[in-house]
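Here's the structure we're looking at; comments come further down.
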Amino acid sequence: MRHTRIKDLLNSTSILHEVNAKGWVRTFRNNQFIALNDGSTINNIQCVVDFENTPEETLKRITTGAAVSVTGTLVESKGAGQKYEIQVAKLEILGDSDPEKFPMQPKRHSLEFLRENAHLRVRTNAFGAIMRVRSVLSFAVHSYFQQKGFVYLNTPIITGADAEGAGEMFQVTSLPLDNLPKTEEGQIDYKKDFFGKHTNLTVSGQLEGETFAMALGQIYTFGPTFRAENSNTSRHLAEFWMIEPEVAFNNLNDNMDLAEDFIQYVIKYTMEKCSDDLKFLEGRLLEEEKTKPQAERSEMTLLEKLNFVLENNFKRVSYTEAIDILRDSTPNKRKKFQYIINEWGADLQSEHERYLVEKHFKCPVILFDYPANIKAFYMRLNEDGKTVRAMDILFPGIGEIVGGSQREERFDVLVEKMRTLGIDEEELWWYLDTRRFGSAVHSGFGLGFERLVLFVTGMTNIRDVIPFPRTPQNAEF
Ligand code: 4AD
Ligand code: MG
């Protein structure tokens, strides 16, 4: 007999005479009531064991974490909190779990402890919910772009280009590190490396994406990206997933409209599909908030925050306006910021971004027209000669969630910029070809997928929204 998913059993419209469920025991109470979960839903199904007719030996093996198969009748439950339960006629232990050693005890564990058990934490309610929400969110990403006729593009993971020019890359090589081949000048001879050149893991698929947008019109990527920045924060991963749409003929305003519409769509979609999981995560967040001092607690619940983003336009503010606001802000005057904002041109830190979003505007903010020298080489220079058509979207509790821009489509201006920054034109000959042959205005952005999952799940550490986080000094599992 084929087993039925617990989600389907709980959603049944009638009692059923013979059903089979398979899953993992969450708890076993009074030698009689199993709370069984199979990952299809946050909800467990209660399985009532006929303990008088079940051998003592078998009852002992029904422990938290064990895999079991139950066959019986789906009946209306007399207990509170569930419509149906299974009256078990036959119980089979599929896989024992040593109750003394199983780390996921039915009690509250710290997030730190769970991170050390990333392979088992998904057996908890919170991580099951987070992973289902993550899955639905990624489907929503595809759904949005596919509906709009974007082409899904897989850009290379191994690349010779440093798209962001930040130099925070993991090198890819098959050279023997203890015996590197040298050129006559004593440099490492990359001609002998696997690709015959120096290569890295990609930090962004944008440059390759642009070349395809210049033929397919609108593309998006959704894949892993890698950054060797040594920032041990709750917002940074060394391996994270990025979504990068790129659209021919879009200017910066079109780009902002697209980003806003896209984010609202995926949140709405996920709220519709994951209501049980989000309700659970909302409760989890409320519990967590209670441990904080009053002043640091959020004024909104998780679902209120998500609805707020759906119902309100993102506030669009130029970098120059933002600097004025920050310069006059109380934390700046009282020297409460770690980095004091004195003048135009300063790079914004996450403390400033969060002040703007959480204290000043109290809504998502799109900052645009940043100083050219704090942004990447490919952004379009404004008429003022000192700002570029960049945009960052800032979210409450997260800071930067999106970074994007209108691209510099003028060959001469782009080459000039690359020369000033010392970017090798020969390395990027293929990128420059887009500006040589049929160049046009175009724009795109990158959304950090884990930062979006953080926002939607109400989690606060990015290590808790990806199955197996990669961070400095940590690549376990
Ligand atoms: O702002 P970034 O660096 O922009 C780019 O890479 C552009 N090429 C995007 C484009 O225009 N096509 O990164 C984009 C987003 C950030 O806003 C942030 O959400 C996320 O990627 N991000 C990270 N997420 C997790 N860990 C990290 N280390 C991240 N670095 C960036
Ligand atoms: Mg950025």
Side-chain angles (χ1 to χ4, degrees), residues 137 141 145 150 153 155 159 161-170 200-213 218-247 250 252 254-256 258-259 262-263 319 347-350 352-353 357 364-368 370-371 374-380 388-395 397-408 431 442-456 459 461-466 469-472 474:
L137 264 175
V141 168
F145 287 118
F150 282 62
L153 175 66
T155 46
T159 169
D162 176 5
E164 293 306 298
E168 291 157 336
M169 292 176 299
F170 291 101
N200 306 302
L201 292 179
T202 188
V203 294
S204 155
Q206 179 196 322
L207 302 191
E208 290 90 350
E210 281 186 54
T211 68
F212 271 52
Q218 28 182 31
I219 62 95
Y220 70 105
T221 72
F222 185 3
T225 44
F226 307 86
R227 297 203 182 172
E229 50 194 337
N230 211 347
S231 17
N232 228 331
T233 77
S234 56
R235 309 276 179 267
H236 289 88
L237 290 164
E239 177 180 291
F240 63 100
W241 286 64
M242 204 182 345
I243 296 136
E244 294 185 277
E246 190 72 35
V247 185
N250 262 11
L252 190 68
D254 304 324
N255 204 30
M256 292 185 202
L258 177 68
F262 163 60
I263 293 175
Y319 167 90
D347 203 354
L348 300 185
Q349 307 296 325
S350 134
H352 309 126
E353 296 174 340
V357 173
V365 172
I366 310 186
L367 285 190
F368 61 92
Y370 280 75
I374 59 171
K375 288 291 180 187
F377 75 96
Y378 51 69
M379 298 187 182
R380 188 160 196 307
V388 285
R389 303 246 75 192
M391 65 160 203
D392 276 5
I393 302 185
L394 315 177
F395 258 46
I398 309 283
E400 179 189 337
I401 193 164
V402 163
S405 61
Q406 183 177 322
R407 319 306 190 187
E408 183 54 79
Y431 182 68
H442 62 289
S443 300
F445 61 84
L447 172 113
F449 186 58
E450 284 74 20
R451 293 196 185 172
L452 176 68
V453 184
L454 267 183
F455 182 73
V456 174
M459 299 301 289
N461 192 316
I462 201 162
R463 293 165 177 81
D464 297 331
V465 297
I466 187 164
R470 298 287 175 256
T471 49
N474 170 35

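In each ligand, atom 1 is the first atom listed, and ligand 1 is the first ligand listed. For reference, positions follow the sequence shown, starting with 1.
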Which atoms of ligand 1 have any heavy atom of [X] under 4.0 Å away?
X: R235; value: 25 (C), 26 (N)
X: Y378; value: 7 (C), 8 (N)
X: G404; value: 11 (O)
X: E229; value: 27 (C), 28 (N), 30 (N)
X: G403; value: 1 (O), 9 (C), 10 (C), 11 (O), 17 (O)
X: V402; value: 17 (O)

Which heavy atom of the protein is the closest neighbour of [atom], given with residue, atom name and distance?
atom: atom 18 (C) of ligand 1; answer: R451 NH1, 3.6 Å
atom: atom 17 (O) of ligand 1; answer: E400 OE2, 2.6 Å
atom: atom 26 (N) of ligand 1; answer: L237 N, 3.0 Å
atom: atom 15 (C) of ligand 1; answer: G446 O, 3.6 Å

When you check the side-chain N and O atoms of [X] and [Y], is any donor under 3.5 Å from an acceptor?
X: S204; Y: E244; value: yes
X: Q349; Y: E353; value: no
X: E164; Y: Y378; value: yes

query: According to the interplanar angle, ranging from 0 to 90°, do the rings of Y220 and F150 count as parallel (below 30°), tilted (30 to 60°) or perpendicular (above 60°)?
result: perpendicular

Within less than 4.0 angstrom of ligand 1, does [X] place any heavy atom?
X: R407; answer: yes
X: R227; answer: yes
X: E246; answer: no
X: Y220; answer: no

- request: Before accepting this row, confirm whether a basic side-chain N of the pair D392/K375 lies closer than 4.0 Å to the acidic partner's carboxylate O.
  value: yes

message: What I want to find out is whether R407 reaches E246 closely enough, with some N-O distance under 4.0 Å, to be called a salt bridge.
response: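 Yes.
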
- request: Examine G448 against ligand 1 and note whether any of their N/O atoms are separated by less than 3.5 Å.
  value: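 Yes, at least one N or O pair falls under 3.5 Å.
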
message: With respect to L447, determine whether any N or O atom, backbone or side chain, lies less than 3.5 Å from an N or O atom of ligand 1.
response: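 Between L447 and ligand 1, no N or O pair is found under 3.5 Å apart.
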
Could you tell me if the side chain of [Y] sits less than 4.5 Å from the side chain of [X], heavy atoms only?
X: V357; Y: F395; answer: no
X: R451; Y: V402; answer: no
X: L367; Y: L348; answer: yes
X: H442; Y: N250; answer: no

Select the closest option to [atom] among [options], judged by heavy-atom distance.
atom: atom 5 (C) of ligand 1; options: E164, M379, E450, E168; answer: E164
atom: atom 9 (C) of ligand 1; options: H236, E210, E244; answer: E244
atom: atom 14 (C) of ligand 1; options: E239, Q206, M242; answer: M242
atom: atom 19 (O) of ligand 1; options: T233, I401, V203; answer: I401

message: When you measure from the side chain of R235 to the backbone of I398, do you find a donor-acceptor pair of N or O atoms at a distance under 3.5 Å?
response: yes

message: Using only atom types and a distance under 3.5 Å, with no angle test, would you say the side chain of R380 pairs donor to acceptor with the backbone of R389?
response: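 It does not hold such a pair.
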
Total protein N/O/S atoms whose distance from the Mg ion (ligand 2) is less than 2.8 Å: 1

query: Applying a 4.0 Å heavy-atom criterion (strictly less than), which segment of F240 is in contact with ligand 1: side chain, backbone, both, or neither?
result: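 It is the side chain that touches ligand 1; the backbone stays farther off.
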
- prompt: Would a line drawn from the ring center of F226 to the ring center of F240 be shorter than 6.0 Å?
  reply: no

task: Report, as yes or no, whether the 6.0 Å neighbourhood of atom CZ on F212 holds more than 12 heavy atoms from other residues, nucleotides or ligands.
output: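 12 or below, so no.
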
- request: Please lay out, stage by stage, how M242 and L447 fare under the test side-chain contact (heavy atoms from CB on, under 4.5 Å).
  value: CA-CA 6 Å; M242 204 182 345; L447 172 113; 5.8 Å; no

task: Take F145 and F262 through the ring-ring contact (aromatic ring centres under 6.0 Å, His included) test and state the conclusion after the steps.
output: CA-CA 8 Å; F145 287 118; F262 163 60; 4.8 Å; yes

